[in-house]
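First the structure, in the form of C-alpha cells, and then the observations on it.
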Amino acid sequence: MPKGNFFVPDPINEPILSYAPGTQDREDLLAKYKEMYAQQIEAPMFIGGKEVHTDKKIAMTCPHDHQHVLGHFSEGDASHVNEAIDAALAVKEAWEKMTWENRASIFLKAADLLAGPYRTKINAATMLGQGKNVHQAEIDAACEFIDFLRFNASFMQELYMQQPISSEGVWNRMEYRPLEGFLFAITPFNFTAIAGNLPAAPAMLGNTVVWKPSYTQVYSAQVIMEVLKKAGLPDGVINLIYVDGPVAGEVIFKHPDFAGLHFTGSTGVFKALWKTIGANLDRYKTYPRIVGETGGKDFVVAHKSADAKEVATGLVRGSFEFQGQKCSAASRAYIPSNIWEDVKKYMVEDLKSIKMGSPEDPSNFVNAVIDGVAFKKISAYIDEAKSAKDVELVAGGNYDDSKGWFIEPTVFEAKDPMYKTMCEEIFGPVLTVHVYDENKFEEILDIVDATSPYALTGAIFSKDRYAVDIATYKLRNAAGNFYINDKPTGAVVGQQPFGGARGSGTNDKAGAMMNLMRWVSARTIKETFVSPTDYRYPFLG
Ligand SMILES: NC(=O)c1ccc[n+]([C@@H]2O[C@H](COP(=O)([O-])OP(=O)(O)OC[C@H]3O[C@@H](n4cnc5c(N)ncnc54)[C@H](O)[C@@H]3O)[C@@H](O)[C@H]2O)c1
Ligand SMILES: N[C@@H](CCC=O)C(=O)O
C-alpha cells in the first residue's frame, strides 16, 4: 500500500510536430504510412485476455482509395457482448482496488508510448483509415489523445483532493468510488482521440468498460488497444468489441449491471439510446450515468467592423479542415453586407489554391470523406442546394467517387437564413453563408440563436468590443465553446474544455474534471474519534 502523497507530473500540451519538408519526422511518418498501406491486417476483438476472431470478416478500406483493403476485422454478435460484460465485471474488483497512482501510471505510460514509439503508427492508421492529412492526424491521434491521458491523470488527482471540512473530534472524508457496474463507451469515426478517451477516462477512475467503436475507425482502434496493452492495462478493464450498435445495445441496455454510457456521435442516435435506457430503468441496480457529446451546426458571425481576410481564413480552416467532418466545423456563416465581397474574394482565392487527394501527399489540404454513405448524403445536400431558388453556388460543388470519396470544399450563399443547409448538420465540406444588412447586427444574432437545435461551437469576428460583448451575451446559450476572432474548431485539452448544450449533448466537457466526476459515485465517510456514551442532550443536565 502507498506510503506518501503522490502527485502526477504536471501535464503540458503535447507539442505539435510540424512535419515540414525535409524533416526526419515527415520521412518516418510517410514511411510508416507506406508500410501499413502495403500490409493486410486481421483485427480481432479484445475480450478479457483474449483476442477474438470470428468468421464474419469486414473489410477496412481507405476513404481516398476505397478499393484498397487495409485488412479485415472480425464482427461479433450478442454472445460477444455478453462475454465482454462478463469480462468487465470479472476484473472489476481487482481493478478498483488497485491504487490510483498505479492506474494513473498505466495511462501516463500509454501517453508516452503515443508520444514516442507509437506516434507514427497511430498517425498513419488515422490517415489511412479515417482520411486525415498529416497535420489533422497529428493534432488528433497523437497530441489530443496524449493530452487526454495526461490531463485526466492530473484531473483525477485534483478530484480526489476535493475533501470536506471536519469539525472537532471528527474526521470527514470523501471517497470517489468507481460506479457500481460496468460502463459502455460508444465512439464515433472522426476522432481517434475521442475513441481512445471515452473508454480510457472512466477506466482511469477504476471503472471497467465495454467499448464499441465506429466500424470506420476500427483500424486506429486496434492501435489504441495495442498501446494500452503495452502500457500494462490489465485484461478485461477495457473490452473492445466490433458489434453492430443496436445488437450491442439490445444486450447492454437490458443488463442489471449497466452503470453508465459514455457516448460521442450523432444527436439522433444519442436520443434513441437515452430513451432505451429510460425504458429499461427498472432493470438497473443504479441510475446509469449518461454522458453524450453529439452533433452541431456551428456558426461564424462577423460584425461590420471585422477584418475580411481574418474572417475568410477562419471560414476556410474552420469549415474545411478534415473535410468538415468535425462536430465543431463552421457550417453556417453570417456576413455583413459591407465586407461580403472581400470575404468572398479571399475565400474563393484560398479554395482555388487548396489541393485535394490522398493523405500520402502532405500538400493535400483536403482528403476524402469517410465512406459511401457520407458521400451520398453530402452530395445530395449539394445537389439540392445547387437547384434551390435563392441559393447561389460560390465555390466548389463537384464530387467524384471513382477512386475515393472526394467532395470539393463547397460554399453556398443563401438569401434565406433558414434555408436547409443553414439549419441541418451535414457533416461534410459544405458552408452556407447568409449575407445580412450590416446595420442589423443584433437582429442577426437573434436569428443565429434560434436557427438550429444544436449549441456546440460558434465564433464572433469583430474589431468593435461592444459588438463582441453583445454577441457573447446574446449567444450565451447557442454554443458550449465560443470563440472570439478565431475559427470555431480546434479545442485543446486543458485549454478549451469541449462540449455543447441544447441538442449537442450533456456538456460534460471532455478533457476536464467535470467529465471525470460523472464516472465516480462519492461516498462520504464520517469518523468520530470519541463516540458519545450518553444519549441525553448536554443542556438537559
Ligand atoms: N460533440 C462532440 O464532441 C462530437 C465529437 C465527434 C463527433 N460528434 C458527432 O458525431 C457524429 C459523427 O460521427 P458518427 O458518424 O460516427 O456518428 P454516429 O452517431 O453515426 O455513430 C456514433 C457511434 O454510435 C454507434 N451507433 C449508431 N447507432 C447505434 C445504435 N442504435 N446503438 C448503439 N450504437 C449505435 C456507431 O456505430 C458509432 O460507434 C456527428 O453528428 C458529429 O457531430 C460529436
Ligand atoms: N474537439 C474538436 C472537435 C471534435 C468533434 O468532432 C474541435 O474542437 O474541433
Side-chain angles (χ1 to χ4, degrees), residues 75 81 130 132 136 139-140 143-145 147-148 184-195 197-199 210-218 221 240-253 261-277 291-298 317-319 321-331 369-371 373-374 377-378 424-428 452 454-459 479-483 486-493 495-511 515:
E75 190 184 44
V81 184
Q130 288 140 271
K132 293 205 169 187
Q136 292 298 311
I139 59 169
D140 163 21
C143 298
E144 186 168 0
F145 189 18
D147 287 351
F148 274 136
F184 188 23
I186 302 184
T187 57
F189 79 84
N190 69 332
F191 269 75
T192 302
I194 295 175
N197 182 48
L198 264 53
V210 176
W211 169 27
K212 193 214 88 56
S214 163
Y215 279 7
T216 41
Q217 188 264 323
V218 169
L240 172 57
I241 55 166
Y242 302 138
V243 178
D244 181 48
V247 174
E250 180 62 22
V251 178
I252 287 182
F253 297 132
L261 172 67
H262 203 187
F263 176 86
T264 295
S266 56
T267 299
V269 170
F270 183 55
K271 284 188 176 175
L273 300 183
W274 193 310
K275 284 178 194 158
T276 305
I277 294 168
V291 171
E293 302 304 334
T294 67
K297 187 68 192 172
D298 311 296
R317 288 200 59 187
S319 305
E321 284 184 317
F322 189 36
Q323 298 75 261
Q325 299 171 118
K326 299 189 184 191
C327 55
S328 53
S331 60
V369 301
I370 190 71
D371 60 13
V373 176
K377 180 184 156 196
I378 301 162
E424 294 177 14
E425 184 183 50
I426 301 172
F427 217 60
S452 128
Y454 299 109
L456 190 46
T457 75
N481 281 57
F482 188 66
Y483 294 81
D486 204 347
K487 65 184 168 58
T489 58
V492 176
V493 176
Q495 298 193 35
Q496 296 95 24
F498 190 78
R502 292 186 181 161
S504 291
T506 53
N507 202 9
D508 289 292
K509 297 293 186 208
N515 177 279

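Just so you know, residue 1 is the first one in the sequence shown, and it goes up from there. Only a predicted model underlies this, so the values are computations on that prediction, with no experimental measurement involved. We count ligands from 1, going down the list as the structure has it; atoms in each ligand are counted the same way.
Contact check for L261 versus F270: side-chain heavy atoms found under the 4.5 Å cut-off. Residues H262 and N515 form a side-chain contact, since some pair of their non-hydrogen atoms from C-beta on lies under 4.5 Å apart. Contact annotation: the side chain of K212 never approaches that of T187 to less than 4.5 Å [non-hydrogen atoms, C-beta and beyond].
For F270, the closest heavy-atom approach to ligand 1 does not fall below 4.0 Å. Close to ligand 1: P213, with a non-hydrogen atom less than 4.0 angstrom away. Residue F498 places a heavy atom less than 4.0 Å from ligand 1.
Ranking protein heavy atoms by distance to atom 8 (O) of ligand 2, first place goes to A491 N, 2.8 Å. For atom 16 (O) of ligand 1, the nearest protein heavy atom (residue, atom name, distance) is F189 N, 3.1 Å. For atom 20 (O) of ligand 1, the closest non-hydrogen atom on the protein side is S266 OG, 4.0 Å. In terms of protein heavy-atom proximity, atom 31 (N) of ligand 1 is nearest to P246 CG, 3.6 Å. Distance from atom 6 (C) of ligand 1 to its nearest protein heavy atom, with residue and atom name: N190 OD1, 3.2 Å. When hydrogens are left out, the protein atom nearest atom 26 (N) of ligand 1 is V269 CG1, 3.9 Å; that is the closest non-hydrogen contact. Among all protein heavy atoms, the one lying closest to atom 1 (N) of ligand 1 is T294 O, 2.7 Å. Closest to atom 24 (O) of ligand 1, if we only count protein heavy atoms, is I186 CG2, 3.2 Å. Atom 43 (O) of ligand 1 has as its closest protein heavy atom E425 OE2, 2.7 Å.
Close contacts of ligand 1 with F263, meaning ligand atoms under 4.0 Å from a residue heavy atom, involve 24 (O). Taking every heavy atom of T264 and a limit of under 4.0 angstrom, the matching atoms of ligand 1 come to 2 (C), 4 (C), 5 (C), 6 (C), 7 (C), 8 (N), 22 (C), 44 (C).
The shortest N or O to N or O distance between S328 and ligand 2 is below 3.5 Å. Between F498 and ligand 2, a contact under 3.5 Å exists for no N or O pair. Annotation: K212 places an N or O atom under 3.5 Å from an N or O atom of ligand 1; distance criterion only. Where the criterion is an N or O separation shorter than 3.5 Å, residue side chain and backbone included, F191 fails it with respect to ligand 2. Any N or O atom pair closer than 3.5 Å counts here, and G265 shares at least one such pair with ligand 1. Remark: ligand 1 and T267 share no N or O pair separated by less than 3.5 Å (distance only, no angle test). Taking distance alone, with nitrogen or oxygen atoms compared against 3.5 Å, Y483 stays at or beyond that limit from ligand 2. For ligand 2, the polar-atom distance check finds an N/O of C327 within less than 3.5 Å of one of the ligand's N/O atoms.
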Verdict with supporting geometry, Q325 and Q130, side-chain contact (heavy atoms from CB on, under 4.5 Å): CA-CA 10 Å; Q325 299 171 118; Q130 288 140 271; over 6 Å; no
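Scanning for side-chain hydrogen bond (donor to acceptor under 3.5 Å, both in side chains) contacts around Q217 gives S220, with sequence neighbours left out. Under the ring-ring contact (aromatic ring centres under 6.0 Å, His included) criterion, Y483 pairs with no residue, sequence neighbours left out.
No option in F148, F498, F145 other than F148 meets the side chain to side chain contact (heavy atoms under 4.5 Å, CB included) test with V493.
At least one donor-acceptor pair under 3.5 Å links the side chain of E425 to the backbone N or O of G296.
By the criterion of a heavy-atom distance under 4.0 Å, the side chain of N190, and not its backbone, is placed next to ligand 2.
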